[in-house]
Amino acid sequence: MEFYSHDYLVHRASTLDWTQAILFALVALLLVFALVHYFRDRQNSKYRELALIALFSLIFLGLLQLDRVMEVDRGNKHYSAVVSSQESIARTMNVDTGKVYVALDEKGNQSYIEVDGKYYRILKNGERGYVLERVDLVGTDIRHVEE
C-alpha cells in the first residue's frame with residue numbers, strides 16, 4: 001500500500017507533460033518555415049506539401065494538447081481536493097501536514113491515512129470534519145511516496 005505525502009500531492013497536481021508542448025512548438029516552427037519558403041518560390045510545390053503536412057500535424061497535436069490540458073485540469077481539481085482534505089485532517093489532529101500521508105484507492109479516493117505511524121480508515125466526511133476509524137494494517141507492504 002502506498003501512502004502519499006503532502007508535498008508529493010501538491011507537486012503532482014501541477015505537473016504537465018512538456019513533451020507534447022515542445023513537439024507542438026517544433027511543428028509550428030516547421031509550418032512557419034515551410035510557409036516562408038513557399039511564398040518565396042510558388043513554383044516549387046515541395047514546400048506547399050510540407051506546409052500542408054505541418055498544418056495537419058499542428059491541428060492534430062493541438063487537439064491532443066487540448067485533451068491533455070483538460071485531463072490535467074481534472075487531475076488538478078481532484079488532487080487539490082485531496083490536499084485540502086489532508087490539510088483539514090492535519091488541523092483536526094493538531095499535527096504538521098508533513099506527518100499526514102494519504103493512501104488512495106483504485107478510483108483515486110482517499111481510503112486510509114497515516115499520522116505519526118498510526119493508521120486510520122476514512123469513513124466519511126462529516127459536517128464538522130472527517131470521521132476516522134483507527135485500524136492496524138497487518139501483512140501489507142507499506143511504502144511512503146515522497147516528493
Side-chain angles (χ1 to χ4, degrees), residues 1-127 129-132 137 140-147:
M1 181 176 288
E2 293 180 343
F3 284 87
Y4 299 98
S5 71
H6 181 263
D7 292 335
Y8 175 81
L9 291 173
V10 168
H11 292 299
R12 168 80 190 252
S14 62
T15 58
L16 176 67
D17 184 16
W18 288 101
T19 308
Q20 284 185 358
I22 291 171
L23 187 59
F24 184 79
L26 289 175
V27 171
L29 288 174
L30 177 67
L31 177 64
V32 169
F33 171 79
L35 286 174
V36 166
H37 281 288
Y38 171 68
F39 285 126
R40 278 190 194 161
D41 183 20
R42 292 183 187 238
Q43 300 299 327
N44 196 348
S45 67
K46 69 179 178 182
Y47 290 112
R48 182 185 68 212
E49 292 168 358
L50 181 62
L52 286 173
I53 291 171
L55 178 66
F56 290 135
S57 298
L58 196 65
I59 291 170
F60 177 71
L61 288 173
L63 291 174
L64 284 178
Q65 192 68 15
L66 179 66
D67 182 53
R68 178 69 181 146
V69 166
M70 290 171 42
E71 180 182 325
V72 166
D73 186 49
R74 282 191 303 269
N76 282 346
K77 288 178 184 175
H78 175 72
Y79 281 108
S80 296
V82 171
V83 166
S84 68
S85 66
Q86 189 179 23
E87 291 168 351
S88 172
I89 290 170
R91 279 191 306 274
T92 302
M93 300 183 92
N94 294 324
V95 295
D96 183 37
T97 56
K99 295 182 179 180
V100 178
Y101 290 86
V102 176
L104 304 174
D105 63 8
E106 61 276 350
K107 294 180 182 178
N109 299 321
Q110 302 176 62
S111 55
Y112 293 96
I113 63 166
E114 177 188 354
V115 180
D116 287 333
K118 297 175 185 169
Y119 299 97
Y120 300 90
R121 184 172 63 162
I122 300 174
L123 296 176
K124 67 176 183 171
N125 181 2
E127 292 178 11
Y130 288 86
V131 177
L132 304 174
L137 297 180
T140 57
D141 183 26
I142 296 171
R143 191 172 73 111
H144 292 99
V145 179
E146 302 287 336
E147 181 184 357

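Side chains are part of it too, since the values below use all heavy atoms of this structure and drop only hydrogens, waters and symmetry mates. Start at 1 with the first residue, then count along the sequence.
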Less than 4.5 Å apart, side chain to side chain, heavy atoms only: is that true for L132 and M93? yes
Atom pair [atom1]/[atom2] of [X] and [Y] - distance to nearest 0.5 Å:
{"X": "F24", "Y": "L58", "atom1": "CZ", "atom2": "CG", "answer": "4.5 Å"}
{"X": "D96", "Y": "D116", "atom1": "CG", "atom2": "CG", "answer": "9.5 Å"}
{"X": "E87", "Y": "T97", "atom1": "CD", "atom2": "OG1", "answer": "6.5 Å"}

Hits for ring pair (Phe, Tyr, Trp, His ring centres under 6.0 Å) against Y119, two or more places apart or cross-chain, chain-then-number order -> F3
Of the non-hydrogen atoms in A54 and V27, which two are nearest, and what is the gap between them? O-CG1, 3.5 Å
Looking only at non-hydrogen atoms, find the nearest pair between V115 and Y120 and report the distance. CB-CE1, 4.2 Å
Go through the structure and list residues passing side-chain contact (heavy atoms from CB on, under 4.5 Å) with [X], not counting sequence neighbours.
{"X": "L55", "value": "L31, I59"}
{"X": "R121", "value": "Y112, L123, E133, V135"}
{"X": "N94", "value": "none"}

Which pairs count as ring-ring contact (aromatic ring centres under 6.0 Å, His included) when at least one residue sits in residues 42-76, sequence neighbours excluded? H37-Y47
Any donor-acceptor pair under 3.5 Å linking the side chain of S57 with the backbone of I53? yes
Residues that Q86 engages under side-chain hydrogen bond (donor to acceptor under 3.5 Å, both in side chains), provided they are two or more places apart: none
